[in-house]
Structure formats: C-alpha cells, structure tokens
Trainee: 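Sharing a structure here in structure tokens format.
Atoms within each ligand, like the ligands themselves, are counted from 1 in listed order. Only a predicted model underlies this, so the values are computations on that prediction, with no experimental measurement involved. Numbers here simply count residues along the sequence, with the first being 1.
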Amino acid sequence: MRTVNTVSELRNAVREWRSAGQSVALVPTMGNLHAGHLALVSKAKEKADRVVVSIFINPTQFGVGEDFESYPRTEQEDQEKLNSSGADLVFLPAVSEVYASDAKTIVSIAGLSEWYCGASRPGHFDGVATVVCKLFNIVQPDTALFGLKDFQQLTVIRTMVRDLNFPIEIVGVETVREASGLAMSSRNGYLSADEKAVAAKLYQSLCIARDAILAGQQSYEDIENSALLFLRDCGFQPEYFTVCRAGDLKKAGMDDMDLVLLAAARLGKTRLIDNIYFSR
Ligand code: PAF
C-alpha cells in the first residue's frame with residue numbers, strides 16, 4: 001500500500017491502473033479509522049480492482065466552535081490498519097493541497113442541507129458536498145463508498161451525484177455497531193465509560209420507535225415526542241428525532257412505505273447521530 005500527499009501523485013497512480021484496464025473505488029474518510037471504515041474498504045475491494053482511501057480532516061465542514069482543532073489525528077495508526085485491509089493507496093493531502101487559499105466555489109444542495117443536522121450545523125453539508133465533489137474530480141473513481149450511519153450525508157451526496165451527472169456509483173454500507181448497539185464513530189472516543197453505556201440508548205430509542213411503527217402506531221408526532229422524552233430521561237439533550245421518507249428525507253406521511261428514523265443528541269460534550277431504516 002502506498003501513501004501519497006499530492007493530487008499529481010494520486011492522479012499518476014490512478015492513470016497507471018486505468019491504462020491496465022482496472023476499475024477504482026474511493027473510500028473518503030477523515031481518519032481515526034474504526035471497524036466501520038474497514039467495512040467500507042472491504043466492500044470497496046468487492047466492487048473494484050483498486051481501492052483508494054482518502055484521509056482528510058476537512059476544515060470546511062466544521063462550524064465555529066466545533067471540534068476541528070481537537071478532531072483525533074491518528075495518521076500512523078490509520079495507515080497501519082489500512083495496510084492489512086487491502087487498500088492500494090492512501091491519499092493524505094495537506095489542506096493547502098485540497099483548497100486554494102482564495103477558493104471561491106462551494107457546492108450546496110439546497111433544502112436537504114439545511115434540515116436536521118444541517119439546522120444545528122449550518123454550512124456543514126456544503127463543506128461535505130464541496131470536498132466530496134473535489135475528491136471525485138481528483139480520483140475519478142467508478143465507485144465511492146459511504147457509511148449509512150451518516151444517512152443525511154449519504155442522501156446529500158447521492159443528490160449531488162444525480163444533479164451534477166457524476167458517473168460514479170454511490171454505495172451505502174451498513175453501520176457497524178458495538179455489542180451494545182452503539183454505532184461506531186470517531187467521536188465515540190470523546191465519551192467517558194459511563195457515557196458510553198448510556199450512548200447505546202440512542203439506538204434503543206430508534207428500535208423502540210421502529211417497532212411502534214411496525215406495530216401500527218399511527219401518529220408519527222407521538223412517536224417522535226415519546227422518543228425525545230425517552231432520550232431526555234436517559235440523560236441526553238436531544239437535538240431532533242424524526243420519521244422521514246428514506247428517499248428524500250422529507251417528513252414521512254402515512255402513505256410512505258420506505259422510512260428512516262433520524263436522531264441526533266448530545267451526551268455531555270459529545271454529539272451523537274444514528275438512524276434506522278426499514279419498510280412498513
Ligand atoms: O463522513 C466523513 O468522514 C466525512 O464527512 C467525509 C465524507 C469524508 C467528507 O469529509
């Protein structure tokens with residue numbers, strides 16, 4: 001496995017693979033890799049001859065007062081994990097390699113980027129869409145893989161790919177969970193041992209709500225309110241809990257069959273998100 005830091009080195013490697021007729025998959029990450037990321041790499045290997053993993057803590061998707069400065073930087077350990085994962089190339093650029101100091105272009109997916117996580121993190125999805133668009137142009141992969149844990153992010157990216165005609169297959173990969181049900185996340189490292197035990201209740205709240213819907217409970221508003229109450233009782237400060245249509249993340253009505261429940265809540269200093277999707 002090779003590590004490169006510049007766009008031109010990356011492009012030279014991809015050009016060589018392309019001239020040998022090989023297909024390429026991209027796994028974009030911000031590092032601090034865990035089993036969820038390794039599941040993306042493993043799926044990428046099934047999809048393409050060559051796998052590129054990018055590790056780039058993207059400053060434009062962090063808001064003022066968020067954890068950009070303290071976000072865990074674990075490049076050495078990440079590369080060791082990737083060495084045994086079967087990735088072919090790690091792209092580890094500096095911020096100045098990705099963004100011109102006077103960059104003027106922002107990719108913004110209207111509406112969708114302002115709801116749910118976008119409401120509490122203004123500009124976050126513009127940062128995500130812009131960097132993913134740039135990575136797509138840099139690597140020009142056949143396939144790109146993202147975790148379903150960030151369901152709204154995945155929907156933003158799918159919408160961008162459709163609207164901008166990227167010839168890239170977007171693959172969502174199942175969330176990897178701890179035995180407790182807690183979704184793996186780089187930010188779980190911020191949780192104390194006590195908080196970690198409570199954090200698993202976020203997934204429990206989603207399972208309870210899904211089961212209520214599958215059992216025929218009619219009012220989604222009641223389901224959302226009960227979930228918010230449950231989370232508060234567990235010690236969270238919930239941000240939102242919402243029953244949405246899986247395709248476009250608009251609020252679900254009783255006619256919608258493919259649903260996703262999206263939740264975000266703070267536990268102490270840590271902001272957690274999770275979701276569950278299913279068909280009625
Ligand atoms: O999900 C992430 O780790 C990031 O948002 C991504 C997609 C790598 C863009 O920076």
Trainee: Under 4.5 Å between side-chain heavy atoms, counting indirect links through other Ile/Leu/Val/Met/Phe/Trp/Tyr residues: same cluster for Leu154 and Leu259 or not?
Mentor: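 Unlinked, Leu154 and Leu259 end up in two clusters.
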Trainee: What atoms of ligand 1 come within less than 4.0 Å of a heavy atom belonging to Val131?
Mentor: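 Close to Val131: 9 (C), 10 (O).
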Trainee: Please assess Val173 against Val171 for the test side chain to side chain contact (heavy atoms under 4.5 Å, CB included), listing each intermediate value before the final yes or no.
Mentor: CA-CA 6 Å; Val173 177; Val171 177; 4.2 Å; yes
Trainee: Quick test: of every protein heavy atom, which one is nearest to atom 5 (O) of ligand 1, and how far off is it to 0.1 Å?
Mentor: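 Sorting protein heavy atoms by distance from atom 5 (O) of ligand 1 puts Gln153 OE1, 2.7 Å first.
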Trainee: Aromatic rings Tyr99 and Phe56: how do their planes relate, parallel, tilted or perpendicular, breaks at 30° and 60°?
Mentor: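 Correct class here is tilted.
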Trainee: Out of curiosity, does Val4 fall in the hydrophobic cluster containing Val51 (side-chain heavy atoms, cut-off under 4.5 Å, transitive links)?
Mentor: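 Looking at the clustering, Val4 is in a separate group from Val51.
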Trainee: Below 3.5 angstrom, do we get any N/O pair linking Thr29 and ligand 1?
Mentor: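 No - when backbone and side-chain N and O of Thr29 are compared with those of ligand 1, no distance drops under 3.5 Å.
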Trainee: Which ligand 1 atoms, with their elements, are less than 4.0 angstrom from a heavy-atom of Pro28?
Mentor: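 Taking each heavy atom of Pro28 in turn, ligand 1 has 8 (C) under 4.0 Å.
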Trainee: Hey, which atoms in ligand 1 end up nearer than 4.0 Å to a heavy atom of Gln61?
Mentor: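 Those of ligand 1 that fall under 4.0 Å from Gln61 are 4 (C), 5 (O), 9 (C), 10 (O).
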Trainee: Counting only heavy atoms closer than 4.0 Å, does ligand 1 sit against the backbone of Ile157, its side chain, both, or neither?
Mentor: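 No part of Ile157 comes within reach of ligand 1.
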Trainee: N/O to N/O below 3.5 Å, does that happen between Asn58 and ligand 1?
Mentor: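 No, Asn58 has no N/O under 3.5 Å of an N/O on ligand 1.
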Trainee: Would you indicate whether Lys251, at its atom NZ, is surrounded by more than 12 heavy atoms from other residues, nucleotides or ligands within a distance under 6.0 Å?
Mentor: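 Yes, NZ of Lys251 has more than 12 neighbouring heavy atoms, counting only those of other groups under 6.0 Å.
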Trainee: Verify ring-ring contact (aromatic ring centres under 6.0 Å, His included) between Phe62 and Tyr71, making sure each step is shown before the conclusion.
Mentor: CA-CA 10 Å; Phe62 290 80; Tyr71 198 86; 5.7 Å; yes
